[in-house]
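Reviewing the structure listed below.
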Protein chains: 2
Amino acid sequence: MRNTAAQRVPPVESSCADALAEDLGWGLGTVFRAYVTAAHQAVADLPGGPRGYQILSSAAQGSVASQLALAQHLGVDRTVMTYLLDDLEAAGLIQRVAHPTDRRARRIVATARGSELLATLDDRLRDAEANLLAPLDPDARKAFRAQVRLLATRIDAPRPP
Amino acid sequence: MRNTAAQRVPPVESSCADALAEDLGWGLGTVFRAYVTAAHQAVADLPGGPRGYQILSSAAQGSVASQLALAQHLGVDRTVMTYLLDDLEAAGLIQRVAHPTDRRARRIVATARGSELLATLDDRLRDAEANLLAPLDPDARKAFRAQVRLLATRIDAPRPP
DNA sequence: TATTGTTATACTCTATAACTATA
DNA sequence: TATAGTTATAGAGTATAACAATA
């Protein structure tokens, strides 16, 4: 039995055709990588990069009841969260404060300096996002944001009973 | 000067509120993680996981002119591509064949067994994607796919001169 | 001289296990 | 007994540098 693969070698393409363009996985990966790259530049030398921004943003809004809750919300291991918070706290941007009713847990709050920096980062990230979504017309842009938000919120929510 | 952060510690939330829901970065990351997790299960023990699928899919369509072109298209380092192809070739799913006009480059083609497996994986990934996008109504689902495709294609394309 | 692919090495990131303290 | 957080360790994944072959 001869080599079947060699028998039907397809014609040579000039490089790599967009055979994967229909693949949602390739699309999501490509868009996500582009976002991370742009966001990393936007947040400059913030400890933790784009993820550090998400922590800082959550802390500034006072919505972090515990490190564990934040870690799960961000999709990282709780041990990784310890390192991320160590760096942000060392930079004077966030603080671990005692949880009023559970002495095991630590609430995460932004310092004044953290809130100040956050305002700048918000602006820079807004620009980065606008640049990323520029290929979409305004309506599609708005729809895309809404769809991403809906999907992510459903995924992040506790599993339906 | 007293500790400003401690002075305005916000009220305790039950867990982690959706403060980041408006953040495109958090949304993209959450959706992407969910996709990777689902896709990883869908492709079972395929070498390289979801990325192995993308390689196999490209190879089956005969659109891979060189390892480097494929690596750039998939956003991985060329050295990583070597390892991924080693595993897929060892599994008998793809083959490196000589490029007809550039003896440095290797074209990547799927074997008969690779094409066969690909058909099964396509079905399973289609189900996984449908499940991921289930929260969107049919129109939004179609629009979301189109938007992701447009964004990814623009990003992947060579920079405008 | 520049590019493709490979290999070896080093680095980054992440997860695992064990521990303390609380519940 | 189970959970929140920390630490040390190990593992997976990735990139860097050097090389051979070819353009």
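Note that the structure is a prediction, hence the values are computed from the model and not measured. Below, read A as the first sequence line, B as the second, and so on, with proteins coming before strands; counting in each chain starts at 1.
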### side chain to side chain contact (heavy atoms under 4.5 Å, CB included) partners of B/D137, counting only residues at least two apart
B/D139, B/A140
### Query
To the nearest angstrom, how far is A/D87 atom CG from D/dT7 atom P?
12 Å
### Task
Taking all heavy atoms of A/V148 and all of B/G27, pick out the closest pair and write down the distance.
CG1-C, 3.5 Å
### Query
Can you check whether B/T82 has a side-chain N or O nearer than 4.0 Å to OP1 or OP2 of C/dG5?
no
Enumerate, atom names and distances included, each donor-acceptor pair closer than 3.5 Å involving a side-chain atom of residues 34-50 of chain B, sequence neighbours excluded.
from  : atom 1 : to    : atom 2 : distance (Å)
B/T37 : OG1    : B/R33 : O      : 2.9

### Task
Quick one: closest heavy-atom pair of A/L93 and A/L56, and the distance?
O-CD1, 3.7 Å
### Task
Mind calculating the distance between CG (A/L84) and P (C/dA15) to the nearest angstrom?
11 Å
### Query
Rounded to whole angstrom units, what separation is found between the CZ atom of A/R33 and the C1' atom of D/dT14?
14 Å
### Task
Could you tell me which residues satisfy salt bridge (Lys or Arg N to Asp or Glu O under 4.0 Å) with A/R104, sequence neighbours excluded, listed by chain and number?
A/D102
## Note on the structure
Atom CG of A/L74 and atom C1' of C/dT14 are separated, to the nearest Å, by 15 Å
### Task
Using atom CD of B/Q72 as one end and atom C1' of C/dT3 as the other, report the distance to the nearest whole Å.
11 Å
### Summary
By nearest-heavy-atom nucleotide on DNA chain C, the more 5' of B/Y83 and B/L68 is B/L68
### Among C/dG5, C/dT7, D/dT7, the nucleotide that comes nearest once only the side chain of B/D86 is considered
C/dT7
### Task
Rounded to 10°, tell me the angle between the two end axes of the helix from C/dT1-D/dA23 to C/dA23-D/dT1, each built from five pairs.
10°
### Message
Per the side-chain hydrogen bond (donor to acceptor under 3.5 Å, both in side chains) rule, what does the pair list look like for residues 79-93 of chain A, sequence neighbours excluded?
### Response
A/D77-A/T79, A/D86-A/R96, A/E89-A/R96
### Query
Under 4.0 Å between a side-chain N/O of B/R51 and OP1 or OP2 of D/dT14, yes or no?
yes
### Query
Atom NE2 of A/H99 and atom P of C/dA23: how far apart are they, to the nearest Å?
11 Å
### side-chain N/O A/R107 vs D/dG5 OP1/OP2, d < 4.0 Å
no
### Query
Among the nucleotides C/dA15, D/dA23, D/dT6, which one has an atom lying closest to any side-chain atom of B/D102?
D/dA23
### Query
Donor-acceptor pair, A/S63 side chain versus A/S58 backbone, under 3.5 Å?
yes
### Task
Send over the distance from B/R104 CZ to D/dC19 P, rounded to a whole Å.
20 Å
### Given DNA chain D, 5'-ward residue of the pair B/R103 and B/R78, judged by closest heavy atom
B/R78
### Query
Does any pair with a residue in residues 117-129 of chain A pass side-chain hydrogen bond (donor to acceptor under 3.5 Å, both in side chains), and if so which ones, sequence neighbours excluded?
A/Y53-A/D122, A/D123-A/R126, A/E129-A/R145
### Message
Nearest whole Å is fine: how far is D/dA21 P from B/Q67 CD?
### Response
17 Å
### Summary
Which of D/dT14, D/dG5, D/dT6 is nearest the side chain of A/T79? It is D/dT6
### Query
Between C/dG5, C/dT16, C/dA23, which nucleotide has the shortest distance from any of its atoms to the side chain of A/D77?
C/dT16
### Query
Does B/R96 place a side-chain N or O at less than 4.0 Å from the phosphate oxygens OP1/OP2 of C/dT6?
yes
